[in-house]
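First the structure, in the form of structure tokens, and then the observations on it.
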Number of protein chains: 2
Amino acid sequence: MDNLSAKGISWYYDRLNRHCCRLTKPRRAILDILEDTGEHLSAEQIHRQVSKISTNAGLSTVYRNLELLVRIGLVWKFDAGDKKARYEIAKRTDENHHHHLICKKCNTIIDYSASVDNEKDFIKMREKNLSRKYNFKIENHCIDFFGLCYKCRKS
Amino acid sequence: MDNLSAKGISWYYDRLNRHCCRLTKPRRAILDILEDTGEHLSAEQIHRQVSKISTNAGLSTVYRNLELLVRIGLVWKFDAGDKKARYEIAKRTDENHHHHLICKKCNTIIDYSASVDNEKDFIKMREKNLSRKYNFKIENHCIDFFGLCYKCRKS
DNA sequence: CTTGTTAATGAGAATTATTCTCATTAAAAA
DNA sequence: TTTTTAATGAGAATAATTCTCATTAACAAG
Ligand SMILES: [Mn+2]
Ligand SMILES: [Mn+2]
Ligand SMILES: [Zn+2]
Ligand SMILES: [Zn+2]
């Protein structure tokens, strides 16, 4: 098993390659971390993790790469209400496409699948209609529900 | 026409009062500005405007009040991708409830009504189901579509 | 209308997430 | 292996937001 076939790295590699970007050590570390954890990490959390598995990468490098990875579609960036950006791996298929329930109190983020209740279909239809009505090219969307998770409801 | 009945100030006043907050000059100026403009303003834009109509209010006061007004539900805060928060007036009725199309290039924000395509009903149903499934108390949501406005599609 | 209480203000310092700079390093094409 | 140049990392710079604290003004009570 060569280096590149592990962990779907070749997939990353192809995508990076297509954008004329090199598969560098910190870049790969970031992708590995986001792939492994299912979490929604901040840049700083990612930086801390990277420093463990790779020789220490600069925080600026982490930011620079996250920006790149978001741009080429390997990573998804979003905002959970507190003021630091969160990042999570973007999966190949849109099987994994999902939205979020975000607890205002403890900042827990729950992924929920958009395949239930025909949410996916509804959104697609909505995008088509909005697109036409406003002559607006929709590229992606952000659907979050804010409130209190079950733990925080009590306290 | 007394001072308080103008511009629905009494509505603000009641809400503030219920939360034991005073209707101060800068507080009122912020509400007036957000009411008048239909726009989605940043704290700094609001601060600039306030300084025109009221005697100059401190930027910190603007931030402090925006936070309060969001908390008690008179103002709606959201994030348009660039990294400064945007604020808009929250209307009484949920007639005015709406979502956004946000241009990634020029940051134009288009309000669209959620009453078309039964979006409102769909969301309500979705909230109910998610709420039950995850034992999560949903308080509000944020639905944004990102892409390119018609002006930016060309260039 | 005064007065007293205390929430609110405003100037600026402090904090914090993110971006920028630039000399150095290392992917990967040749 | 050599060469080219994208990428790195340390730290400085920036920018949005929050904090501090002495001063002011909203408004309830008299
Ligand atoms: Mn997620
Ligand atoms: Mn709006
Ligand atoms: Zn919670
Ligand atoms: Zn645009």
Side-chain angles (χ1 to χ4, degrees), chain A residues 2-4 9-10 12-31 40-48 50-51 53-72 74-75 77-87 107, chain B residues 2-4 9-10 12-31 40-48 50-51 53-72 74-75 77-87 107:
Chain A
D2 71 328
N3 260 344
L4 288 186
I9 288 294
S10 65
Y12 300 155
Y13 186 76
D14 287 350
R15 178 74 66 103
L16 285 168
N17 219 24
R18 210 174 312 137
H19 287 266
C20 304
C21 301
R22 298 171 181 174
L23 182 56
T24 63
K25 215 168 157 191
R27 200 163 278 174
R28 183 166 170 173
I30 292 169
L31 285 165
H40 309 82
L41 303 180
S42 68
E44 194 147 16
Q45 289 177 305
I46 293 168
H47 175 243
R48 242 196 315 278
V50 167
S51 298
I53 70 174
S54 186
T55 44
N56 77 323
L59 179 56
S60 48
T61 299
V62 171
Y63 271 108
R64 218 185 291 120
N65 279 313
L66 284 170
E67 190 195 0
L68 167 76
L69 295 172
V70 167
R71 183 151 35 81
I72 69 177
L74 289 175
V75 166
K77 173 184 185 177
F78 73 105
D79 165 76
D82 55 350
K83 69 202 154 193
K84 50 198 153 222
R86 304 300 187 115
Y87 302 86
N107 277 98
Chain B
D2 72 326
N3 261 344
L4 286 186
I9 288 294
S10 66
Y12 299 155
Y13 186 76
D14 285 353
R15 178 73 66 102
L16 284 167
N17 218 26
R18 211 175 308 138
H19 287 266
C20 303
C21 300
R22 299 171 181 174
L23 182 57
T24 63
K25 215 166 156 193
R27 201 164 275 174
R28 184 166 169 172
I30 292 169
L31 286 165
H40 310 81
L41 304 178
S42 68
E44 194 147 14
Q45 290 177 304
I46 293 168
H47 175 243
R48 241 196 315 276
V50 166
S51 298
I53 71 173
S54 186
T55 45
N56 75 325
L59 180 56
S60 48
T61 299
V62 172
Y63 272 108
R64 219 185 292 120
N65 278 313
L66 285 170
E67 191 195 359
L68 167 75
L69 296 172
V70 167
R71 184 151 35 82
I72 69 177
L74 289 176
V75 166
K77 174 185 183 178
F78 74 105
D79 164 76
D82 55 350
K83 69 201 154 191
K84 51 198 152 220
R86 304 300 187 115
Y87 302 85
N107 277 99

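To find a chain, count down the sequence lines: A is the first, B the second, and so on, and within it residues start at 1.
Considering only residues two or more places apart in sequence or on other chains, A:Ile53 meets the side chain to side chain contact (heavy atoms under 4.5 Å, CB included) condition with A:Ala29, A:Ile33.
Residue A:Arg22 contributes atom CZ, which lies 9 Å from atom P of C:dA29 at whole-angstrom precision. Atom pair B:Asp82:CG and D:dA16:C1' shows a separation of 11 Å (rounding to whole Å applied). Spacing between atom NZ of A:Lys84 and atom C1' of C:dT19 amounts to 18 Å, rounded to whole angstrom units. One can place OH of A:Tyr13 at 6 Å from P of C:dA29, the figure rounded to the nearest angstrom. Atom-to-atom, CD1 of A:Ile72 to C1' of D:dA7 comes out at 14 Å; the value is rounded to the nearest Å.
Put simply, the side chain of A:Thr24 and the base of C:dA26 share no donor and acceptor less than 3.5 Å apart.
Summary of the strand contacts: A:Glu67 and A:Asn17 both lie near DNA chain C, and taking for each the nucleotide with the nearest heavy atom, the more 5' one is attributed to A:Glu67. Along DNA chain D, the nucleotide nearest B:Cys21 and the nucleotide nearest B:Lys83 are compared for position; the residue whose nucleotide lies closer to the 5' end is B:Lys83.
Looking at heavy-atom distances under 4.0 Å, A:Thr61 makes contact with a base.
When the side-chain nitrogen and oxygen atoms of A:Asn65 are compared with OP1 and OP2 of D:dT8, one or more of them lie within a distance under 4.0 Å. A close approach under 4.0 Å does occur between a side-chain nitrogen or oxygen of A:Tyr63 and OP1 or OP2 of C:dT18. Using a 4.0 Å cut-off, some side-chain N or O of A:Arg27 falls inside it from OP1 or OP2 of D:dA7. For A:Arg64 and C:dT19, the shortest distance from a side-chain N or O to OP1 or OP2 is not below 4.0 Å.
Nearest heavy-atom pair, A:Gln45 versus A:His40, reported as atom, atom and distance to 0.1 Å: OE1-O, 4.1 Å.
Judged by distance alone, the side chain of A:Arg27 and the main-chain N or O of A:Asn65 form no donor-acceptor pair under 3.5 Å.
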